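Predicted model, so just to flag it, every value in this text is computed and none were measured.
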Amino acid sequence: MGLLRLLVLALLASQPEVVGGAETVGNSSEGLLEFSMGTFRYFELNRPFPEEAILRHISSNVTFLIFQIHSQYQNTTISFSKTPLPNTSGTGTDKGLVFILRPEQSMCTWYLETLDAEPVQNVAIPLSYSGRDPIPGGCNLEFDLDIDPNIYLEYNFFETTIKFAPANLGYARGTDPPPCDVGTGRDSRWRLQYDVYQYFLPENDLTEEGLLQHLQRMAEVPQVMANAIKVVTLTANDKTSVSFSSLRGQGVIYNVIVWDPFLNTSAAYVPAHTYACSFEETEGNCSSLGRVSSKVFFTLFALLGLFICFFGHRFWKTELFFIGFIFMGFFFYVLITRLTPIKYDVRLILTAIAGSVGGIFLVAAWWRFGILLLCMLCVGLVLGFLVSSVTFFTPLGNLKIFRDDGVFWVTFSCIAVLIPVVFMGCLRILNILTCGFIGSYSVVLAIDSYLYTSLSYITLNVLKRALNTDFRGAFTNVPFQTNDFIILAVWGMLAVSGITLQIRRERGQPIFPPHPYKLWKRERERRVTNILDPSYHIPPLRERLYGRLTQIKEFFQKEQPAGERTPLLL
């Protein structure tokens, strides 16, 4: 009886482990990871301990496999052999390999390792495809792997660019692959199409667990189509490269689905993700995006904007300073950024100085010349700038026609100029609307320096377009989630409250204050001619200044001693 029990236990131990469910955690044995087809698995890699991944019981109708592995920001290496070679391995945060199966083959192995000193949490999955499905990266000529299903991602402050290798038509086990560039007819890989998808992670979510969970929605074709947003469809004649606006601190996952319209089959590349920032930098990393200089600048700007939102029309000269600050600050920042390599903090300080000069100049121009139409033109153009920015913030801004800089800037300028033209007959309404919308939007910009919000990209996209010529080809999609709805409600509430309050308070009041210089000149003449006015007897400014200087001079003089100082004559 004891011998029979030992035989049963030995038989159970010899059975291969089959992973069930959606995901599993841990190792099946020391140095060996067993996978099931289409099942995600969590595991941890350590530097001195490479792992061997194995997949058993592969069906005979499967022609090729894509094995992919993902981590948040630490690199991992996946290879066909124990010793990684450039053309048989890949290293990164989102990597995969294509395994073309031989006839009668029912088992595959891969090797996984990391060179990072810290343990790396990963999620991996093997996916199977038939001989009718196109092979992602099957016609690779640019990257190291012979068949490369990976998406290569690069980013900077302005844009994020993804690149991938062209796919090839599928083929059965044991047969030769179709040639890639022999012809461009219907029976070649040139009939394939590529759908580029974009998936946004929850805002302000920088957790590793959140990323690895959401990556599972971007690995297989049905889930990608159900959860992500299709941005563009490329043909074989287009470049296999697409640019997007960089969203610093916002997690984004990209994937490409290659589709064979003749056979109505498809396959997915290996998804790639980015936060457009670094987790490992000591300054300006993903966890601390807002610079101190930005927080100070936009907080003070928002305080002034709040005052303008509710009291701008009553305090006309303060509003003119605010408008002049925006005008001069924007153009000066664009100019100094494009022409000089000065650091960001210095640029922001110089922009604040230049904006203040612009505001003082506009106030001085109104005080001396009193040209109302000129001042209201500046006010209307600032509101027009915001309206035009909102227009291109919608899907309209991603139309192919607006990738031409000439078309974009002419259209943008026409919308901006249209606003003051439309309201030329009711200048007070135009001024109050500008106070409400521009003043309240400054609060949105201040919030963005502390907490991510997509609403800041209303104007930031225009600024990027003005600073970088390559940005014209980037898609400017942004997520619109719970935080954005809340901040949009705050923006609308502030704008409506400020506009309503100012309209009610200004009823029966003069449309605009009188010309300050004329009032000052009239008052001065009245004082000169009216001897009963107490101010008539006030000495001129020069005499008052001279008297004040004399008082200051006497204050610093040494006090003379009292008494007789001359000797007595005998």
- request: Say whether, by atom type as modelled, one donor and one acceptor occur between the side chain of Ser454 and the main chain of Val478 under 3.5 angstrom.
  value: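 Such a contact is absent between Ser454 side chain and Val478 backbone.
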With sequence neighbours excluded, residues passing side chain to side chain donor-acceptor pair (under 3.5 Å) with [X]:
X	value
Gln502	none
Thr459	Tyr441
Asn156	none
Thr93	none

- request: Measure centre to centre between the rings of Tyr73 and Tyr275, then say whether the value is under 6.0 Å.
  value: no
Which heavy atom of [X] sits nearest a heavy atom of [Y], and at what distance?
X	Y	result
Val444	Ser456	CG1-N, 4.4 Å
Ala268	Val221	N-CG2, 3.7 Å
Gly324	Leu362	N-CD2, 3.8 Å

task: Please state whether the sulfur gamma atoms of Cys309 and Cys435 sit closer than 2.5 Å to each other.
output: no
Would you say the side-chain atoms of [X] and [Y] include a donor-acceptor pair closer than 3.5 Å?
X	Y	answer
Asn75	Thr91	no
His70	Gln68	yes
Asn150	Asp94	no
Asp116	Thr114	no

Donor-acceptor pairs under 3.5 angstrom involving side-chain atoms of residues 418-430: please list them, not counting sequence neighbours.
| residue | atom | partner | partner atom | Å |
| --- | --- | --- | --- | --- |
| Arg428 | NH1 | Glu506 | O | 3.0 |
| Arg428 | NH1 | Gln509 | O | 3.3 |

task: For Cys375, check disulfide (SG to SG under 2.5 Å) against everything at least two apart and list the hits.
output: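 Result, disulfide (SG to SG under 2.5 Å) vs Cys375: none returned.
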- prompt: Taking it one step at a time, do His313 and Phe512 satisfy ring-ring contact (aromatic ring centres under 6.0 Å, His included)?
  reply: CA-CA 8 Å; His313 189 74; Phe512 284 96; 5.2 Å; yes
message: Please identify which of these residues, Tyr269, Tyr254, Phe164, Phe143, meets the ring-ring contact (aromatic ring centres under 6.0 Å, His included) condition with Tyr152.
response: Phe143
query: Just wondering, do Phe330 and Met328 contact through their side chains at under 4.5 Å, heavy atoms?
result: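 Met328 vs Phe330: side chains apart.
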query: Looking at Phe475, is Arg403 sitting on its ring face, NZ or CZ under 6.0 Å from the six-membered ring centre and within 45 degrees of the normal?
result: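 Yes.
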